[in-house]
Amino acid sequence: MDNSVAALTSLYNRIADINNAAALLEWDQETYMPRGAANARAHQIATLRALGHELATSDELGQALDAAGEANEASGEEDGYATALVRVGRRDYDKSTRLSPAFVEESARAEAHAKSAWREAREEDDYSRFAPHLEAVVALNREKAELLGYEDHPYDALLDQFEPDTTTSDIDAAFSELRDQLVPIVTALRGRADGRADILRRSFPSAIQWKVGEELIASIGYDFDRGRQDKSAHPFCTTFSISDVRITTRVDPNFFSPAFFGTLHEMGHALYEQGIDPALERTPLADGTSLGIHESQSRLWENLVGRSAAFIDFFFPTLQRAFGDSLSDVSARQFYRAANAVKPSLIRVEADEVTYNLHVMMRFELERSLFEGALTVADLRDAWNEKMRDYLGVVPTRDADGVLQDIHWSMGAFGYFPTYSIGNLMASQFYDVADRDLGGIDKHVSEGRFAPLVEWLGEHIHRYGRTKSANELLRDITGGGLSASPWLRYIRKKYAALYDVDLD
Ligand code: ZN
């Protein structure tokens, strides 16, 4: 390795160690930390995060990037580690140095206030309490978009933080196809696709749910020697190293879905992180390349595999043995229908696979309008309710079940929501190609053979980390860009058969 590339790498190693140590403290905060430690922990995390940010925006790093960039250019190499490190490092460096420490601090303060105002407003079911704080956060995000820079649309700059190189118009194109075709599908399924969902709300002892979930993900390929699963209020996946990728889940003894499908979801994220090429360890390349790609991996396992007839046929006997009486009068087919019940509802995180993207799409449209100046924070609640009526045919009677349901806006995370649907769409795009390459994934899954799919994902996606961008992965695998067509085809085929409805 060239000297200047080695010097850059060793700077990044230090930054990675500091950030990963902070992440470990954050993991502990959500899992085992005693309540009394909250204040001390907040200081420890803030100090480490500030230190990491200082190094990541230092002149020393800027110079090291310049030197490594020049050496790499002189070498004529175009595809290797050094090229990727300089490209990704330069991108991160430019983004983070465009925001001054004073701006970052002001945003953090406004978001902290907005977050507690959001909690209170939600509890009191009163949007007007949150609105002034949201106003401040939106104003700061407008400023942020200007500081970060964009070509066409201020929202592009915000989106780019989570989904690099994807623009508002890319999403517009994919989402308008989605909207035009999905709204009629949801209407056609209305009232027909309940599928006795109550089957999933019987008694499922927590300890058994835990054991079933862990055994399943171990058999799929999650490596417990390089990870572990714990409980937390909100499930997540976090990484301290390619050899330490942890997931959390929550268990409801009277509801099967959150732990089971949540565990499959987080496992999908974890397989991605565990599958990154170990040579990239302790560099910025050892990470998921975008939130959309990350979410494509979790949704693929949760929905395309976990909620498929092939998987449920294979796994249902295990569930019946594990849960005894609770499932003794249920057939695999009934269980499959219950796991795929469709019902327009108010809450995004509880939405089924079909209606979920409509929840995301309306948030995208509202955000875009806010940053175009076509919508004001004062009118946001009414705009929300109107879109719910148009897309899903249900209207919240409480703000807590409507505009106040998600934490994201209070945290200033504008541009984040679309990545959920981008993930769903990409999952189907990748699945179709893998299905062809592997001669039918269903056949493998119905026999409990998961290795071929895990290996395919590792080979085509996981191992690259950030050395390939999301758009490069899409192009190399599918030959094109983001598209809603494969997902729409999948939904039509699955639900027309499942509920005997014509969806064409
Ligand atoms: Zn996820």
Side-chain angles (χ1 to χ4, degrees), residues 23 26-27 30-31 159 161-164 166 171 213 216-217 220-222 227-240 245-252 257-276 286-308 339 347-361 363-364 405-409 411 413-431 453-454 457-458 461-462 465-466 470 473-474 482 487 490:
E26 286 161 353
W27 168 84
E30 302 294 323
T31 50
L159 202 50
Q161 306 171 96
F162 309 108
E163 202 59 31
T166 294
I171 296 184
L216 172 64
I217 62 175
I220 291 176
Y222 176 73
R228 51 179 292 126
Q229 180 173 247
D230 295 275
K231 283 183 194 136
S232 69
H234 302 281
F236 62 92
C237 168
T238 183
T239 298
F240 319 127
V245 181
R246 304 188 188 185
I247 58 176
T248 69
T249 196
R250 64 181 154 189
V251 186
D252 178 344
S257 300
F260 188 79
F261 293 109
T263 296
L264 277 175
H265 180 100
E266 299 308 331
M267 178 210 72
H269 284 303
L271 289 180
Y272 186 9
E273 302 263 339
Q274 286 188 333
I276 293 172
D287 202 350
T289 200
S290 79
L291 290 190
I293 294 284
H294 234 304
E295 198 66 6
S296 76
Q297 300 307 293
S298 55
R299 293 287 172 174
L300 187 146
W301 287 101
E302 178 192 353
N303 288 334
L304 301 184
V305 176
R307 287 188 162 88
S308 69
I347 310 290
R348 176 185 62 87
V349 295
E350 292 165 9
D352 57 79
E353 164 183 50
V354 179
T355 58
Y356 184 89
N357 287 328
L358 291 173
H359 288 267
V360 173
M361 202 176 327
R363 286 159 177 74
F364 162 71
Q405 67 182 263
D406 285 314
I407 196 170
H408 302 56
W409 288 341
M411 296 163 63
F414 290 95
Y416 192 113
F417 279 121
T419 67
Y420 292 129
S421 282
I422 291 174
N424 282 324
L425 304 187
M426 285 178 177
S428 278
Q429 293 186 267
F430 296 146
Y431 190 94
L453 180 56
V454 174
L457 294 167
I461 299 169
H462 300 170
R466 292 177 75 197
L473 284 175
L474 265 181
L482 181 68
W487 185 82
Y490 152 75

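Every number for a ligand or one of its atoms is a count from 1 in the order of the listing.
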Test your reading of the model: is there a side-chain donor-acceptor pair from Y222 to the backbone of R228, 3.5 Å cut-off? yes
Return the set of residues passing side chain to side chain donor-acceptor pair (under 3.5 Å) with T238 (not counting sequence neighbours), or none when no residue passes. none
Polar protein atoms near the Zn ion (ligand 1) [N, O or S; cut-off under 2.8 Å]: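 Within the sphere that stays under 2.8 Å of the Zn ion (ligand 1), the protein atoms of type N, O or S are H265 NE2, H269 NE2, E295 OE1.
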Any side-chain heavy-atom pair of I247 and I217 under 4.5 Å: yes
Taking the six-membered ring for Trp, are H269 and H265 parallel (under 30°), tilted (30 to 60°) or perpendicular (over 60°)? perpendicular
Which class fits the ring pair F414 and W409: parallel under 30°, tilted 30 to 60°, perpendicular over 60°? parallel
Considering non-hydrogen atoms only, spot the tightest contact between T419 and E163 and give its length. CG2-OE1, 3.7 Å
